[in-house]
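Notes to accompany the following structure.
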Amino acid sequence: MLKIYNTLGNYKEEFVPIDSSNIRIYACGPTVYNYAHIGNARMAVANDLLVRLLRTIYPKVTYVSNITDIDDKIIETSAKKNIPFKDLTRKFEKIYNEDMLSLGVLPPDIQPRATDHINEMIELTKKLIKNNHAYIKEDHVLFHVPSFKKYGCLSKRNREEQILGSRVEIAPFKKDPADFVLWKPSSNNVPGWQSPWGFGRPGWHLECSAMSEKTLGLPFDIHSGGMDLTFPHHENEIAQSCGAYNKTNDPKSFAKYWFHNGFVIVEGEKMSKSIGNIKLVHDLINNFSGEVLRLTLLSSHYRQPLNWTVDSINQSKNMLTRLYRELKDLDDIDINNSDYKVPDNIMAALCDDLNTPKALAELNLLANKISSSSASEKIIIKGEILAIGKLIGILQDNPKKWLGYGHSEGLDNDTIEGLIKNRNEARRNKNFTLADSIRDELKSKGIEIEDTKNGTIWRSEI
RNA sequence: GGCUCGGUGGCAGAGUGGUUAUGUAGGGGCCUGCAAAGCCUUGCACAGCGGUUCGAUUCCGCUCCGAGCCUCCA
């Protein structure tokens, strides 16, 4: 039984599908005007894991994650760089997908773009006007928040208190301070589309309401995104999608479960432009394998804040190295892929609101058992480790390759083999000073050697 | 000011009303010419103060500290 924490209600609850033959999930994707940072990656990895887990339980999962390719930050950036906004967004959409793939994130089944759904957004806005949830004022269309009684149900906010504590300047054309824009005018040099309310562009919440309905139908099972999207983005989506169909008393007529991942902080500090500590996947991938980055993201529970530190990355790297070493030692054991089975205790941990730290602890315990296991037990353990790895998206590489055995980026293999031969010659002659100096020389070139009972083997330091 | 969520061993990070988390880093040992790798073994912990309890790190209250949202944000 899968349990997930539902922000709509703030408690962990059993996942009961709307239609168990097709689980439908929508994750708010990136606004593509820059490289993806590690926070974007955490969202993608958390949802990827959820989808992978759902796929092991249910026959079909439809995973939708959008690309926001029109918004004011995009417009600003394209103006500043003097390139058409479409060129900008297509470029970073491509980079985003490449970066996520390097983290082992499987592509969503559908990745809709906001600009391909302008008509749907216009239709949705028309419905909201017709249902008296929206009004037209000074070329804007605004959602009237007091018309939606359940407003605040997701973020547990009381409107009056919000207004009192508000530090936001309120646009003069709003009937109510909480009203938000569905459609706004664009001047000639700003991207826009023709609409019944003139040339303009959508407000930023509207796209997800339109695209989720179009791609998944209403209601769907899970809606996800970063914690910060809870308010106002997801709150407004609920208002729009429920208001369009006059289901204002039933937020679950839009999406049943709300799944939100926590933030990434960097070396104990908030990740922000002003501190200048934004970690881009594009840069990290030059220094660490995607698998290491993925494991680092999975090493804390998805709802907890994740402290991204050099130490935490190295820890993940060391853990993977150790596990790959175990697998390398089991290299000569052939197993049938179809016999893979994720052990019950690890399934249970993952089904308990994606408790990845617990699952990883169990994985380590499983690996610890190898040294004291019989040959037949080792077959089972190897299969289980690979099955777990497949589920959570790690350990699928060739162990020798991953560990760097037998290939070098610096010295060529013949030179290395030659030096090892000389060293072993020296060892036979008990000339350990020479032997050790050869080893040191190799080490300085990034080559580590291991003397085993089957001879000397070498690997590049990872 | 309002709403959420946290404070666990050097570090990372689960969990539990009484029993080992796990990893990583350290200590000791085996192996090795010495290493590396592996194996065995071992410290170190539950922010503070009250309360409930036979017993609390785990439940309740308060205090202190921290994070996020309330404005664009994953």
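Quick caveat: nothing in here was measured; it's all calculated off a predicted structure. Below, all heavy atoms of this structure are taken into account, side chains as well, without hydrogens, waters or symmetry copies. Residue numbers start from 1 in every chain, and the chains themselves are labelled A, B, ... in the order their sequence lines are given, proteins ahead of strands.
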Can you tell which of [options] lies closest to the side chain of [X]?
X: A/V264; options: B/C34, B/C73, B/A74; answer: B/A74
X: A/L365; options: B/C34, B/U24, B/U22; answer: B/U22
X: A/R325; options: B/A14, B/U4, B/A37; answer: B/A37
X: A/H37; options: B/A74, B/G2, B/C11; answer: B/A74
X: A/A361; options: B/G33, B/U22, B/C70; answer: B/U22
X: A/F231; options: B/C73, B/C3, B/C69; answer: B/C69
X: A/P357; options: B/G33, B/A14, B/C73; answer: B/A14
X: A/R439; options: B/A35, B/A14, B/C72; answer: B/A35
X: A/Q315; options: B/A14, B/C39, B/A12; answer: B/A12
X: A/K73; options: B/U4, B/C72, B/A25; answer: B/C72

Original post:
OP1 or OP2 of B/G23 less than 4.0 angstrom from a side-chain nitrogen or oxygen of A/N368, does that happen here?
Top reply: yes
Original post:
Does the side chain of A/S316 get closer than 4.0 angstrom to OP1 or OP2 of B/G23 through an N or O atom?
Top reply: no
Are [X] and [Y] close enough that some pair of their side-chain heavy atoms sits under 4.5 Å apart?
X: A/D221; Y: A/I25; answer: no
X: A/M121; Y: A/L182; answer: no
X: A/C208; Y: A/H233; answer: yes

Looking across every strand, which nucleic acid part, if any, lies under 4.0 Å from [X] by heavy atom: base, sugar-phosphate, or nothing?
X: A/E450; answer: base
X: A/G152; answer: nothing
X: A/S155; answer: sugar-phosphate
X: A/N307; answer: sugar-phosphate
X: A/R428; answer: nothing
X: A/E362; answer: nothing
X: A/E326; answer: sugar-phosphate
X: A/G226; answer: sugar-phosphate
X: A/T230; answer: nothing
X: A/K270; answer: sugar-phosphate

When you compare [N] with [M], how far apart are their [atom1] atoms, in angstrom units rounded to a whole number?
N: B/G10; M: B/A36; atom1: P; result: 26 Å
N: B/A47; M: B/G6; atom1: P; result: 13 Å
N: B/U19; M: B/A25; atom1: C1'; result: 27 Å

Can you find a donor-acceptor N/O pair under 3.5 angstrom joining the side chain of [X] to the base of [N]?
X: A/R303; N: B/C5; value: no
X: A/D451; N: B/C34; value: yes
X: A/D436; N: B/G33; value: yes
X: A/R42; N: B/A74; value: no

[X] has an atom [atom1]; how far is it from atom [atom2] of [N], in whole Å?
X: A/D329; N: B/C39; atom1: CG; atom2: C1'; result: 11 Å
X: A/N424; N: B/C34; atom1: CG; atom2: P; result: 16 Å
X: A/W258; N: B/U4; atom1: CH2; atom2: P; result: 19 Å
X: A/M271; N: B/C73; atom1: CE; atom2: C1'; result: 10 Å
X: A/K443; N: B/A35; atom1: NZ; atom2: P; result: 14 Å
X: A/E441; N: B/A36; atom1: CD; atom2: P; result: 20 Å
X: A/I313; N: B/C11; atom1: CD1; atom2: C1'; result: 14 Å
X: A/H260; N: B/C69; atom1: NE2; atom2: P; result: 13 Å

**OP:** For this output row, return yes or no: ring centroids of A/Y257 and A/H223 closer than 6.0 angstrom.
**Re:** no
Subject >> Side-chain H-bond candidate by donor/acceptor type, A/S299 with A/T296, under 3.5 Å >> reply: no
Original post:
Does a donor on one side chain sit under 3.5 Å from an acceptor on the other, for A/S155 and A/R157?
Top reply: yes
Original post:
Quick one: on RNA chain B, does A/T452 or A/G29 contact a more 5' nucleotide (nearest heavy atom)?
Top reply: A/T452
Subject >> Residue mapping more 5' on RNA chain B - nearest nucleotide basis, A/N40 or A/K156 >> reply: A/K156
Original post:
Are the ring of A/F263 and the six-membered base ring of B/A67 within the stacking cut-offs of under 5.5 Å and under 30°?
Top reply: no
Original post:
Do A/E377 and A/K369 meet the salt-bridge criterion of a basic N to acidic O distance under 4.0 Å?
Top reply: no
Original post:
Can A/E362 and A/K358 be counted as an ion pair, charged N to O under 4.0 angstrom?
Top reply: yes
**OP:** Kindly indicate, with the supporting measurements, whether the criterion side chain to side chain contact (heavy atoms under 4.5 Å, CB included) is fulfilled by A/H301 and A/T356.
**Re:** CA-CA 6 Å; A/H301 184 86; A/T356 49; 5.5 Å; no
Original post:
Mind checking who B/U16 pairs with, Watson-Crick or G-U wobble, both distances under 3.5 Å?
Top reply: none
**OP:** Find the partner of B/G9: check Watson-Crick (N1-N3 plus N6-O4 or O6-N4) and G-U wobble (N1-O2, O6-N3) distances, both under 3.5 Å, and reply none if neither fits.
**Re:** none
**OP:** Decide, for B/G51, between syn and anti: a glycosidic angle within 90° of 0 counts as syn, anything else as anti.
**Re:** anti
